[in-house]
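Report on the following structure.
All chains are named by letter (A, B, ...) in the order of the sequence lines, taking the proteins before the strands, and each is independently numbered beginning at 1. Heavy atoms only: backbone and side chains are in, while hydrogens, waters and symmetry mates are out.
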2 protein chains.
Amino acid sequence: MKLSEARQQFISTWGAMGTHWGINRTMAQVHALLMISPDPLTQDDIMAQLNISRGNVNMNIRDLIDWGLVDRVLIQGERKEYFTAEKDIWKVARQIIKERKRRELDPMMKLMDQLSKVDGDKKDKEVKVFLDTISGIKKFGAHADSMLDVVVKSDENWFLSTALKLFK
Amino acid sequence: MKLSEARQQFISTWGAMGTHWGINRTMAQVHALLMISPDPLTQDDIMAQLNISRGNVNMNIRDLIDWGLVDRVLIQGERKEYFTAEKDIWKVARQIIKERKRRELDPMMKLMDQLSKVDGDKKDKEVKVFLDTISGIKKFGAHADSMLDVVVKSDENWFLSTALKLFK
DNA sequence: TCGAATTTTCAATAATTACTGAAAAATAAT
DNA sequence: ATTATTTTTCAGTAATTATTGAAAATTCGA
């Protein structure tokens with residue numbers, strides 16, 4: 001398989017995978033392209049390589065920067081902005097975990113706290129099942145939260161060696 | 001807060017959360033409704049409670065069954081089918097991990113194996129960066145795969161006690 | 001300070017995804 | 001076997017989400 005073909009396939013699959021994870025296809029493709037590009041790219045490079053408009057590139061790049069997955073790079077004597085992506089997949093994963101925890105898990109747990117204050121008699125089975133569900137989610141969430149904190153703070157080496165031994 | 005209001009909020013938030021995870025809003029809402037319903041529901045119950053059409057309920061229920069999150073229940077002397085959802089959130093999480101691993105991680109790893117056979121000289125930096133990215137993903141994927149296998153095979157108690165101690 | 005280069009915004013539009021509802025198929029009681 | 005009930009399918013439509021492209025804003029060199 002030729003490099004150009006393999007690159008295309010990687011970009012396209014990474015994009016499809018994104019849609020299964022609530023990330024839009026193009027954003028995932030831009031990320032994929034930057035991961036396999038040895039040097040930083042400009043908006044025009046990305047437009048050309050993925051065949052998408054300037055506005056689209058701009059918005060998705062900005063989102064990727066918000067996610068902490070892409071950085072602006074200043075190149076000596078160049079007017080244009082260049083962009084580059086973190087290439088260490090372990091760092092990418094940690095960053096995504098950190099952000100999703102902040103954006104999704106934390107607010108979900110706040111809501112569960114509120115919902116657990118619902119009025120009503122625990123002898124009513126509707127109330128009981130509701131409260132049991134909420135409380136189950138709260139407990140699960142608290143543990144997941146601690147685990148993910150440890151993962152986010154740990155380093156690659158921990159993941160590749162220690163964790164596995166412990167799990168086995 | 002009244003139960004009816006709390007139930008509505010739970011269903012609506014669980015639905016919104018679904019969209020961040022590549023699951024359609026309605027499917028997540030049906031799941032939420034079944035989780036907080038003490039008794040099994042029929043398609044008509046779900047149609048009424050969520051204000052959606054029969055076809056919509058039918059398709060989403062079928063998907064939930066495919067995911068292993070909802071079961072058909074036969075009720076003595078009743079013609080209609082009833083549905084119920086697993087209420088233990090830990091089992092729900094394990095089931096989701098298991099399915100996503102099968103549907104997403106496994107095929108992704110297969111693709112990485114193919115892509116690592118790309119032709120070209122490793123001295124070419126385009127080739128090198130590409131191969132390094134693929135190989136990073138393969139290594140990461142293999143470890144994630146082992147970890148998730150252990151998680152899927154473990155029980156709630158393991159998660160709530162042992163895992164945390166090991167991580168701390 | 002001006003003007004060219006570059007980035008950002010956003011209303012209009014396209015593309016995708018989800019939903020409806022009625023018809024067809026399946027099921028099971030009589 | 002017939003018929004009433006229930007489930008499934010799917011073409012048409014609606015709703016949502018993503019993309020374009022041109023105008024506005026910003027940046028920076030001269």
Side-chain angles (χ1 to χ4, degrees), chain A residues 11-34 40-67 69-84 103-104, chain B residues 11-34 40-67 69-84 103-104:
Chain A
I11 289 169
S12 136
T13 305
W14 202 253
M17 202 53 53
T19 63
H20 290 298
W21 285 90
I23 287 158
N24 96 20
R25 195 186 315 276
T26 304
M27 181 169 149
Q29 288 185 350
V30 172
H31 182 231
L33 172 61
L34 287 171
L41 303 181
T42 63
Q43 290 201 1
D44 292 86
D45 294 334
I46 298 168
M47 287 168 68
Q49 296 212 39
L50 300 181
N51 245 288
I52 58 179
S53 73
R54 181 176 306 284
N56 200 3
V57 170
N58 191 274
M59 289 169 84
N60 285 115
I61 279 283
R62 192 147 55 68
D63 279 353
L64 283 164
I65 292 173
D66 286 346
W67 274 87
L69 297 174
V70 164
D71 289 316
R72 283 174 215 278
V73 174
L74 291 171
I75 292 206
Q76 178 64 291
E78 284 271 8
R79 177 76 179 274
K80 281 187 176 168
E81 286 184 321
Y82 284 75
F83 301 94
T84 189
R103 295 173 190 214
E104 294 158 30
Chain B
I11 289 169
S12 136
T13 305
W14 201 255
M17 202 54 52
T19 64
H20 291 298
W21 285 90
I23 288 158
N24 95 23
R25 193 186 316 277
T26 304
M27 181 171 151
Q29 288 185 350
V30 172
H31 182 231
L33 172 61
L34 287 172
L41 303 181
T42 63
Q43 290 200 1
D44 292 86
D45 295 333
I46 298 168
M47 284 168 69
Q49 297 213 38
L50 300 180
N51 246 288
I52 58 180
S53 74
R54 183 176 304 284
N56 199 3
V57 169
N58 191 273
M59 290 168 84
N60 283 300
I61 280 281
R62 192 147 55 67
D63 278 354
L64 283 164
I65 292 173
D66 286 347
W67 274 88
L69 297 174
V70 164
D71 289 317
R72 283 173 216 278
V73 174
L74 292 171
I75 292 205
Q76 178 66 289
E78 285 271 7
R79 177 77 179 273
K80 280 187 176 166
E81 286 184 321
Y82 284 75
F83 301 95
T84 189
R103 295 174 189 212
E104 295 158 30

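The salt bridge (charged side-chain N to carboxylate O under 4.0 Å, His left out) contacts involving residues 51-61 of chain A comprise Asp44(A)-Arg54(A), where partners must be two or more places apart or lie in separate chains.
For the side-chain contact (heavy atoms from CB on, under 4.5 Å) with Val30(A), the qualifying choice from Leu41(A), Leu64(A), Asp63(A), Ile11(A) is Leu64(A), the only one to do so.
Between the side chains of Ser53(A) and Asn56(A), no donor-acceptor pair is found at a separation under 3.5 Å.
In this structure, Asn24(A) atom CG and dT16(D) atom P are separated by 18 Å, rounded to whole Å. Atom CD in Gln43(A) sits roughly 14 Å away from atom C1' in dG21(D) (whole-Å rounding).
DNA chain D lies under 4.0 Å from at least one heavy atom of each of the following residues of residues 72-81 of chain B: Arg72(B), Arg79(B), Lys80(B), Glu81(B). Within residues 44-63 of chain A, the residues that place at least one heavy atom under 4.0 Å from DNA chain C are, in residue-number order, Arg54(A), Gly55(A), Asn58(A), Met59(A), Arg62(A).
No donor-acceptor pair under 3.5 Å is formed between the side chain of Asn60(A) and the backbone N or O of Val57(A).
Smallest separation of non-hydrogen atoms from Ala28(A) and Gly18(A): CB-CA, 4.1 Å.
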Residue pair Ile65(B), Arg72(B): steps toward the side-chain contact (heavy atoms from CB on, under 4.5 Å) verdict: CA-CA 8 Å; Ile65(B) 292 173; Arg72(B) 283 173 216 278; 3.9 Å; yes

Verdict with supporting geometry, Ile46(B) and Leu33(B), side-chain contact (heavy atoms from CB on, under 4.5 Å): CA-CA 8 Å; Ile46(B) 298 168; Leu33(B) 172 61; 4.3 Å; yes

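Stacking of Arg103(A) on the aromatic ring of Trp67(A) is recorded, both the 6.0 Å distance cut-off and the 45° axial limit being met.
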